[in-house]
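Proteins get letters first, then strands, A, B, ... in listed order; numbering begins at 1 in each.
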Protein chains: 2
Amino acid sequence: MATATLDLKPDLDTGHPCFGCTVREISLCGILDNEELRAYKQTGATVRYDAGATIFFEGDPADSVYTLTSGTLRLSKLLPDGRRQIAGFIFPGNFLGITMEDEHAFTAEAITASELCRFSRPKFETYLDEHPLMERRLYALVAHELAATRQQLVLLGRKTATERVVSFLLMLGSRCRMDGGLADEVHLPMSRSDIADYLGLRIETVSRELSALKAARLIQLTGTHSVRLLEKARLEALAEG
Amino acid sequence: MATATLDLKPDLDTGHPCFGCTVREISLCGILDNEELRAYKQTGATVRYDAGATIFFEGDPADSVYTLTSGTLRLSKLLPDGRRQIAGFIFPGNFLGITMEDEHAFTAEAITASELCRFSRPKFETYLDEHPLMERRLYALVAHELAATRQQLVLLGRKTATERVVSFLLMLGSRCRMDGGLADEVHLPMSRSDIADYLGLRIETVSRELSALKAARLIQLTGTHSVRLLEKARLEALAEG
DNA sequence: CGAGCGATTGATCGCCATCAAAGTGGGTGG
DNA sequence: CCACCCACTTTGATGGCGATCAATCGCTCG
């Protein structure tokens, strides 16, 4: 459904408040032109969070929406006894606060120091009312997120530990390529604990799987937070059983 | 975000093509009035599928969207070796074909004989262009679906077999109450195999868990496809660990 | 150089999968 | 109407993958 009307407006004036924003093209704002974006930006504000800080808790009133411009966030939920599941990571350009409910169902925390553009819900909705293209793009983003989340159901419901870890690395790998990074050097901003809670495993298992992949010469552990993918084809076969 | 503009239009003329449609109020169409609905309905067609029939396969071009009016569907995905994950069940009133991609990422099959209202994507999108309230409602539906799917991530990633089965029963229970059925009598149109593939378990485990809940006098198995929930409070405690 | 936290590696356990067999029920044809 | 059939479900016995418990490593920062 990539209609012409959803094409991005490429050029921004130098001096524009969003000039130099590295994520505009892949974010909600990408469809706005100079004037529209200036007006839109003025309805919001830039906010910063330190690593570990909480943007909102599960159960907090959902009165703002955000676009992440730098850093990494995690969306998570705790069971009463402390078990944690991470529903997703938010990378620059991603939209946060998709819900139409009154309360957030998940907690959003900064994994690394992060910057976001924040908009109040009422203002955001008014803006949407006046910009149907933006609403359509928002819909496309949510629909895409839904598809990705369903894919994660397959991972959690049916894949083995090895398949989960490899799928995760490939997923981040394709993200990096999207961001213009090297295709085979994957940066992992999150801890082993975050990875484990995203993949439905324990940190020991994640660590063991990474070590096993390294021993099999399929990856290289270039640092605690970076991995080099050595054999994409074999990894892709591994990821799907 | 339940604004007044999203309220349903209640009364339909007798003789209206959608008069008697039992799911209009909880479906996408709920916001349309007599005239709008008549026009909308004319852009689509009613289609029927037998139990077991496939509405579309993973990878098929996504050229139609649907509203389920009767029956039950499953959305599933197969791994190359035959492992299956069911991403969700579709009940009457639910929208099918949310994707904005060109291809369906999941296979949709009829669990029981089903009826759907089908609309071609281009016509549907044209209709959305002209009816912003409908688009907003569609967004709300998808956002809600995303939240539900993320909740399912918690189930698959972190819950035990018992917790999964109990969560599933309670989920269907709250659905029944929504549909005006008895709150504690849950109908399970799907097979044990479908339940297992939805919960990331094997059918033997599902069966054993149900037997154990019955032995604990927490449920009654009133038939292969129906369960009575006896102790909601204790079940709810069980579902969350 | 030492403290402390996250990551890795090792040893063992337990939940759920797997393998196997018996039970159940709905539909069909005699 | 009943007997059979076949698919689905349930129950039982055993096994394996990943969790758990435990110890060590290694980086970062004071």
field: Summary of protein contacts for nucleotides 12-22 of chain C, nucleotide by nucleotide, where a base hit scores B, a sugar-phosphate-only hit scores S (4.0 Å, heavy atoms)
entry: ----SSBB---
Under 3.5 Å donor-acceptor pairs involving side-chain atoms of residues 142-150 of chain A, not counting sequence neighbours:
residue: A:His144; atom: ND1; partner: B:Glu101; partner atom: OE2; Å: 2.9
residue: A:Thr149; atom: OG1; partner: A:Glu145; partner atom: O; Å: 2.8

Please table the atom pairs, donor to acceptor, closer than 3.5 Å between any side-chain atom in residues 81-91 of chain B and protein atoms at least two apart or in another chain.
residue: B:Asp81; atom: OD1; partner: B:Arg83; partner atom: N; Å: 3.2
residue: B:Asp81; atom: OD1; partner: B:Arg83; partner atom: NE; Å: 3.2
residue: B:Asp81; atom: OD2; partner: B:Arg83; partner atom: NE; Å: 3.0
residue: B:Asp81; atom: OD2; partner: B:Arg83; partner atom: NH2; Å: 3.1
residue: B:Arg83; atom: NH1; partner: A:Arg158; partner atom: O; Å: 2.9
residue: B:Arg83; atom: NH1; partner: A:Glu163; partner atom: OE1; Å: 2.9
residue: B:Arg83; atom: NH2; partner: A:Glu163; partner atom: OE1; Å: 3.4
residue: B:Arg83; atom: NH2; partner: A:Glu163; partner atom: OE2; Å: 2.9
residue: B:Arg84; atom: NE; partner: B:Asp197; partner atom: OD2; Å: 2.5
residue: B:Arg84; atom: NH1; partner: B:Asp194; partner atom: OD1; Å: 3.4
residue: B:Arg84; atom: NH2; partner: B:Asp194; partner atom: OD1; Å: 2.8
residue: B:Arg84; atom: NH2; partner: B:Asp197; partner atom: OD2; Å: 2.9
residue: B:Gln85; atom: NE2; partner: B:Asp197; partner atom: O; Å: 3.1
residue: B:Gln85; atom: NE2; partner: B:Tyr198; partner atom: O; Å: 3.2

Going by atom type alone, with no hydrogens or angles, which donor-acceptor pairs under 3.5 Å involve a side-chain atom of residues 201-217 of chain A and a protein atom two or more places apart or on another chain?
residue: A:Glu209; atom: OE1; partner: A:Thr162; partner atom: OG1; Å: 2.8
residue: A:Ser211; atom: OG; partner: A:Ser207; partner atom: O; Å: 3.0

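Of the residues in residues 71-83 of chain A, none has a non-hydrogen atom less than 4.0 angstrom from any atom of DNA chain C.
Of the inter-residue distances, the one linking B:Ile195 atom CD1 with B:Leu172 atom CG reads 7.5 Å to the nearest 0.5 angstrom.
Side-chain contact between B:Thr69 and B:Pro92 is absent, with no heavy-atom pair separated by less than 4.5 Å. For the pair A:Glu236 and A:Lys232, the minimum side-chain heavy-atom distance is below 4.5 Å.
Taking 4.0 Å as the cutoff to heavy atoms of chain A, we find the contact window on DNA chain D bounded by D:dG18 to D:dC21.
Atom NE2 of A:His225 and atom P of C:dG6 are 10 Å apart (whole Å).
With sequence neighbours excluded, the residues forming a salt bridge (charged side-chain N to carboxylate O under 4.0 Å, His left out) with A:Lys159 are A:Glu240, listed by chain and number. For B:Glu103, the salt bridge (charged side-chain N to carboxylate O under 4.0 Å, His left out) criterion is met by no residue, not counting sequence neighbours.
Judged as a side-chain hydrogen bond (donor to acceptor under 3.5 Å, both in side chains), the pairs with a partner in residues 110-120 of chain A (not counting sequence neighbours) are, in order, A:Arg48-A:Glu115. Listed by first and then second residue, the ring-ring contact (aromatic ring centres under 6.0 Å, His included) pairs involving residues 100-119 of chain B are B:Tyr40-B:Phe119, B:Phe56-B:His104 (not counting sequence neighbours). Every pair tested for ring-ring contact (aromatic ring centres under 6.0 Å, His included) that includes a residue from residues 204-226 of chain B fails, sequence neighbours excluded, so the list is empty.
Backbone-only engagement by A:Ser211 is indicated by non-hydrogen atom pairs under 4.0 Å involving sugar-phosphate atoms exclusively. As judged by a 4.0 angstrom heavy-atom cut-off over every strand, B:Thr224 is placed among residues touching the sugar-phosphate backbone only.
Put simply, the side chain of A:Arg121 gets close to the backbone of A:Ala62: a donor and an acceptor are under 3.5 Å apart. Counting only distance, with no hydrogens or angles, the side chain of A:Ser226 and the backbone of A:His187 share no donor-acceptor pair below 3.5 Å.
In the helix from C:dC1-D:dG30 to C:dG30-D:dC1, the rotation axis of the first five pairs and that of the last five pairs differ in direction by 30°, rounded to 10 degrees.
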